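Written below as structure tokens is the structure these notes are about.
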Amino acid sequence: MGEFDLIKEISQMFKTRKKGLWGIGDDCAVVKSGNKFLLYTIDSMVENIHFNIKLGINWYDVGYKSLVRSISDIAAMGGDPKFVLLALAMKSKKNMDFFELFLKGFEEAANEYKVSLIGGDITEASAFSASIAIIGESSKKPIFRKGAKVGDIIFLSGYTGLASAGLFLLQNKKKNKIDELVNAYSRPKARVVLGKAILKQSLATSMIDISDGLLGDLQHIAYESNVGAVIDINRLPVHECFKKLSFTKKNIMNFILNGGDDYELLFTVSPEKVLKIEALSKKTSVKITKIGYVVESGIYLKENKRLTPAKVSSYEHFN
Ligand code: ADP
Ligand code: MG
């Protein structure tokens with residue numbers, strides 16, 4: 001049983017059918033409150049599962065990243081992150097320098113994204129973990145994974161594959177580490193400004209943040225929207241950093257299609273709104289690329305007009 005089967009089992013046991021409440025299945029749970037929408041999300045960062053200090057990420061960056069990746073789920077629905085709760089589990093240690101660094105990194109991200117820490121929990125445990133709950137809000141109904149329609153165009157912000165390539169360089173102790181790739185892994189950004197603008201202008205029919213890999217997260221949109229998708233390989237943005245490394249074209253495509261931890265936004269747009277995306281890209285100074293389109297079923301890669309079924313191999317816990 002993998003992570004996604006477990007989530008399915010939980011959501012079948014705890015069905016929530018209330019007006020104005022959207023529960024398990026999206027980047028955040030959403031609750032309508034007055035004329036606002038409140039967004040809730042929680043994520044854990046566990047030592048030696050989500051990060052490994054021996055591989056070159058430091059405790060400051062762990063603190064920073066743990067908050068940013070949770071904020072990204074609010075961005076994925078077009079919300080505005082507001083408050084954070086932090087539950088920590090760790091070994092008791094005489095030297096707590098690591099913890100000071102973690103908090104400083106966490107503080108930097110909290111200041112950058114203007115979220116206030118309003119509570120949490122601390123417990124002794126056999127390994128370090130930080131569970132981070134964020135509360136966000138929006139004044140309009142947020143953008144769900146569900147909503148993509150056949151014929152919609154698929155867009156991607158920024159580049160994918162950078163964080164996983166950065167992790168690969170760290171894991172393999174490569175001498176020519178490329179800072180931009182390593183930074184993409186250890187100091188990711190959440191696309192809050194872009195997500196909010198997409199919601200404000202009602203540009204997307206569905207949206208998700210890419211935490212598990214482009215194809216894996218596209219599959220979540222496809223599943224929730226009951227559609228399929230075609231990704232045009234020749235349109236995928238390839239960051240110039242990849243040209244500095246001796247990766248094969250196949251390796252690079254694997255990073256781009258299946259690498260996780262980039263926290264870019266993947267969204268679908270109905271054809272009549274496509275022209276507005278260029279203006280949005282200029283306004284937010286974020287590269288936005290048209291990478292494919294929505295079809296009735298299946299996930300396909302298109303190369304030189306030929307379609308082949310995509311092999312999705314994104315990260316899944318317990319698999
Ligand atoms: P993301 O990668 O965007 O953080 P996940 O894949 O972690 O999303 O989770 C998918 C959905 O399953 C979310 O709606 C999340 O709230 C829900 N979920 C995950 N684990 C649990 C759990 N233990 N109990 C209830 N819901 C869960
Ligand atoms: Mg997400």
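Read the numbers this way: they start at 1 and go in the same order the structure lists the ligands and their atoms. Fair warning: this is a prediction, and the values are worked out from it, not measured in the lab. Values below: every heavy atom of this structure, side chains too, minus hydrogens, waters and symmetry copies.
For the pair Asp212 and ligand 1, the shortest N or O to N or O distance does not fall below 3.5 Å.
For atom 8 (O) of ligand 1, the nearest non-hydrogen atom from the set Arg69, Arg145, Met77 belongs to Arg145.
Shown in contact with Phe4 at under 4.0 Å from a heavy atom are these atoms of ligand 1, numbered in order with element: 6 (O). Set against the non-hydrogen atoms of Gly25, the atoms of ligand 1 under 4.0 Å away are 11 (C), 13 (C), 14 (O). Every atom of ligand 1 with a heavy atom of Ile10 under 4.0 Å away is listed here by number and element: 22 (C), 23 (N), 24 (N), 25 (C). Taking every non-hydrogen atom of Ser211 and a distance limit under 4.0 Å, the qualifying atoms of ligand 1 come out as 2 (O). Of all atoms in ligand 1, numbered sequentially from 1 with element shown, those under 4.0 Å from a heavy atom of Ile7 are 9 (O), 10 (C), 12 (O), 19 (C), 20 (N). Near Asp27, with a cut-off below 4.0 Å to any heavy atom, the atoms of ligand 1 are 3 (O).
Side-chain atoms of Thr268 come within 3.5 Å of backbone N or O of Ser206 as a donor-acceptor pair. Within the 3.5 Å criterion, the main-chain N or O of Ile277 finds no donor-acceptor partner in the side chain of Ser281. Side-chain N or O atoms of Lys273 include one that pairs as donor or acceptor with a backbone N or O of Ser202 at under 3.5 Å.
For the side chain to side chain contact (heavy atoms under 4.5 Å, CB included) test with Leu301, the passing option among Val230, Leu215, Asp232 is Leu215; the others fail. The one candidate from Phe247, Tyr159, Tyr185 that meets the ring-ring contact (aromatic ring centres under 6.0 Å, His included) condition with Phe255 is Phe247. When the options Asp209, Asp262, Asp43 are evaluated for a side chain to side chain donor-acceptor pair (under 3.5 Å) with Ser72, the one that passes is Asp209.
Nearest protein heavy-atom neighbour of atom 25 (C) of ligand 1: Ile24 CD1, 3.6 Å. The shortest contact between atom 14 (O) of ligand 1 and any protein heavy atom is with Asp26 O, 2.7 Å. Nearest protein heavy-atom contact of atom 7 (O) of ligand 1 is Glu3 OE2, 4.1 Å. Ranking the protein heavy atoms by distance from atom 4 (O) of ligand 1 puts Asp73 OD2, 3.0 Å first.
For the pair Lys32 and Phe37, the cation-pi criterion (under 6.0 Å, within 45° of the ring axis) is fulfilled.
Around the Mg ion (ligand 2), the protein contributes the following N, O or S atoms under 2.8 Å, ordered by chain and number: Asp27 OD1, Asp73 OD1, Asp209 OD1.
Contact annotation: for Ile42 versus ligand 1, there are no heavy atoms closer than 4.0 Å. With a 4.0 Å heavy-atom cut-off, ligand 1 is reached by no atom of Phe14.
For CD of Glu296, the number of neighbouring non-hydrogen atoms (other residues, nucleotides, ligands) closer than 6.0 Å is 12 at most. In Lys200, the NZ atom is not crowded: 12 or fewer heavy atoms of neighbouring residues, nucleotides or ligands sit closer than 6.0 Å.
The nearest protein heavy atom to atom 16 (O) of ligand 1 is not closer than 4.0 Å.
The aromatic rings of Phe128 and Phe98 lie perpendicular to each other, with more than 60° between the two planes, well past the 30° mark.
Under a hydrophobic clustering in which Ile, Leu, Val, Met, Phe, Trp and Tyr are joined whenever their side-chain heavy atoms come within less than 4.5 Å, directly or via other members, Leu265 and Val30 fall into different clusters.
Counting only heavy atoms from C-beta outward, the side chains of Ile291 and Pro237 approach each other to under 4.5 Å.
No donor-acceptor contact under 3.5 angstrom links the side chains of Asp179 and Asn183, judged on distance only.
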